[in-house]
Amino acid sequence: MTTRAKDTLGSTIAAIDGKGYGAYKQVAGSYDFGDHTLHIDYVQGDPFASPSRLRAVFPPEITSLPTNILQPAIRRLAAADFLNRRLHREVRSISRDRGSGKSGAVRILRPGQCILERTSLQIDEAGTVVARFTAGLPAAGRRVLGRQAAEMLLGDIPRALRSVLAPATGELEALRGHALLAEDSAALRDGLEERGLIAFIPAGAVLPRRSGVDDRPLAASQAVAFEAPDGLMVTLEAPNRGQVVGMGVPRGITLIVGGGYHGKSTLLRAIESGIYDHIDGDGRELAVTVPDAVKIRAEDGRAVASVDISNFIIDLPLGEDTAHFSTANASGSTSQAAAIAEALEVGACCLLIDEDTSATNFMIRDARMQALVQDADEPITPFIDRARQLYEELGVSTVIVVGGAGDYFDVADTVIGMRRYLPDDLTSGAKQIAERFRTERAHEGGPWSPLLGRVPDPASIDAQKGRKSVSIKVQTSTRVLFGMQELELSALEQLVEEAQVRAIAQAMVHAAGRWLDGRRTLRAALEGLMEEVRQRGLDTIDSRQPGDYAQFRIHELAAALGRLRTLRVRSAG
Ligand code: ADP
Ligand code: MG
């Protein structure tokens, strides 16, 4: 495609002033702004429709990013995250009402508390920066407002872009700090396995959040800063800031115990979120968790497609086959069992469980209940009887918040006690108590049987809606309209941005028919897709290359697929 002079854009806009909105189609194309190129990739059909998609490309000689920011890749990724944040601020300041509908609205993805790869701002190895954003082309009713369009496209937008990207080193110290923090955080995470840890929380961390709907930290004046307890204190080495002291959560089975409201769930949530690197000031900087740790919770009402839950549940009242368990309406316990089987299916190495969001009968069955209800009448083998097998036979660790069920002391390797928001190592105390008060409960369940793999039918992953071949509409940060069906993802508590939900929905469409070919197992197909994304970047999932996708894990992708109510699978082998 040829690049035209910037003035051509000005004269085209002048020529279509006052005409019908369709005339805007003429502005599509590429324009030379001297220090950068502006691509108008898609022009909206009317002022109320999805806004037009724009892309600005700034070459290395303009951005002037130093080589020690461009390499290694984690620094470059963090630098892109940083510039995205700055650009979001600038773009917001030029976005205004310039007519009907979305006229004048300028938007770029808004990053949250985590440093993520996003398609809104990308930097290549040479230092070229590509920013993708949207703009509502101005109109009064359906008439083109030429002057407003020119102000926006030739004045405000290039000014905002330049103020951040030409050069991109205007705030070099802050940019460098952001990149080095991400590098340190990623290095600490990479080092966990070698130290036999599944998570690390640095001393001084601020774990509580402002509210249930606000992921920013609680104000320092109200928060109790984290301290590492003696028995669990470790010192890790970060490449840039050197030694970091904190609490190491070892492999195996770890309980988080303590009184109500003493910070147990908050600690678990910090561990859940440690799969991502956090921005400076978040409070959870350098709190890291192994990448394949997966939060497991009950979610009654969800759909389940032929999942092997037979290690946890057999002999349901109506004789349902629990090695191929399907339902449109799972119970608390069956949904939790399915969540574990699905997580293991795609390689989870650590399960994170909170009693607050668990089905009690899935977690424990005490001695008295065992005595009253015969084993033959109870389909559930509770998690307490599988936790050690999962670790010893499959190498899968568990961190569980338990306030009530002391029977768990018997299966724990580590017990962290939370008291007034501070952790204590209660492992030996709990072991002594377990010796002194012998539990009367009998172990349930036989040997662990390997899970059956599933082969999804790609025809059942259908995002068609009416005449549209693919229709994906993100309705809230956890719900997407996938073709004709609503896909509810609020149970995937490790999703941190709406852009991940959008990307996951698109990735399912991309995978269906390519990786999900009716022969590959779900695991093989999704691993193939994730490898494609690693090699070619997130853009690979959508040929239209929109700027509103963020990176995601195989775990959330698989979990989303598993919640599609139309999904059909057959067992592998
Ligand atoms: P639990 O799971 O033990 O019942 P939570 O983790 O839900 O407790 O915490 C209870 C409340 O205390 C929440 O409102 C939480 O935000 C707050 N909180 C948790 N940790 C801290 C802390 N370190 N400093 C201040 N407030 C905290
Ligand atoms: Mg709690």
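Whatever order the structure lists them in is the order used to number ligands and atoms, beginning at 1. The first residue in the sequence is number 1, and the count goes up from there.
No more than 12 heavy atoms of other residues, nucleotides or ligands sit less than 6.0 Å from atom CZ of R110. The number of heavy-atom neighbours closer than 6.0 Å to CD of E193, taken from other residues, nucleotides and ligands shown, is 12 or below.
Although no hydrogens or angles enter the test, the distance criterion places no donor-acceptor pair under 3.5 Å between the side chain of E342 and the main chain of L344. Listed for the R553 side chain is a donor-acceptor partner under 3.5 Å among the backbone atoms of P291. Within the 3.5 Å criterion, the main-chain N or O of R419 finds no donor-acceptor partner in the side chain of D424.
Note on R388 versus D410: no salt bridge recorded, every NZ/NE/NH1/NH2 to OD/OE distance being 4.0 Å or above.
For G258, the closest heavy-atom approach to ligand 1 does not fall below 4.0 Å. Distances from ligand 1 to the non-hydrogen atoms of H262 include at least one value under 4.0 Å. For G403, the heavy-atom gap to ligand 1 stays at 4.0 angstrom or more.
With respect to D215, the side chain to side chain donor-acceptor pair (under 3.5 Å) criterion is satisfied by exactly one of R210, R284, H278, Q113: R284.
The atom of D356 nearest to the Mg ion (ligand 2) is OD2, with the search restricted to N, O or S atoms.
One of the N, O or S atoms belonging to S265 lies under 2.8 Å away from the Mg ion (ligand 2).
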Stepwise side chain to side chain donor-acceptor pair (under 3.5 Å) test for S120 and N84 = CA-CA 7 Å; S120 44; N84 195 153; 2.5 Å; yes
Which is it for F200 and V234 under the side-chain contact (heavy atoms from CB on, under 4.5 Å) test, yes or no, and what are the steps along the way?
-> CA-CA 9 Å; F200 171 78; V234 294; 3.7 Å; yes
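With respect to atom 24 (N) of ligand 1, the closest heavy atom belonging to the protein is V224 N, 2.8 Å. Summary of contacts: the protein heavy atom closest to atom 25 (C) of ligand 1 is Q222 O, 3.5 Å. Atom 4 (O) of ligand 1 has its closest protein heavy atom at Y261 N, 2.7 Å. The protein heavy-atom contact nearest to atom 6 (O) of ligand 1 is T266 OG1, 2.6 Å. For atom 12 (O) of ligand 1, the closest non-hydrogen atom of the protein is Y421 OH, 3.1 Å. In terms of protein heavy-atom proximity, atom 7 (O) of ligand 1 is closest to S265 CB, 4.0 Å. For atom 8 (O) of ligand 1, the closest non-hydrogen atom of the protein is G263 N, 3.2 Å. At the shortest separation from atom 16 (O) of ligand 1 among protein heavy atoms lies P208 CB, 3.8 Å.
Aromatic ring pairs are classed by plane angle as parallel below 30°, tilted from 30° to 60° and perpendicular above 60°; the pair F362 and F312 is tilted.
Each of the following atoms of ligand 1 lies closer than 4.0 Å to a heavy atom of G259: 3 (O). For ligand 1, the atoms sitting less than 4.0 Å from at least one non-hydrogen atom of A223 are 24 (N), 25 (C), numbered in the order shown with element in parentheses.
When non-hydrogen atoms are compared, ligand 1 lies under 4.0 Å from neither the backbone nor the side chain of M418.
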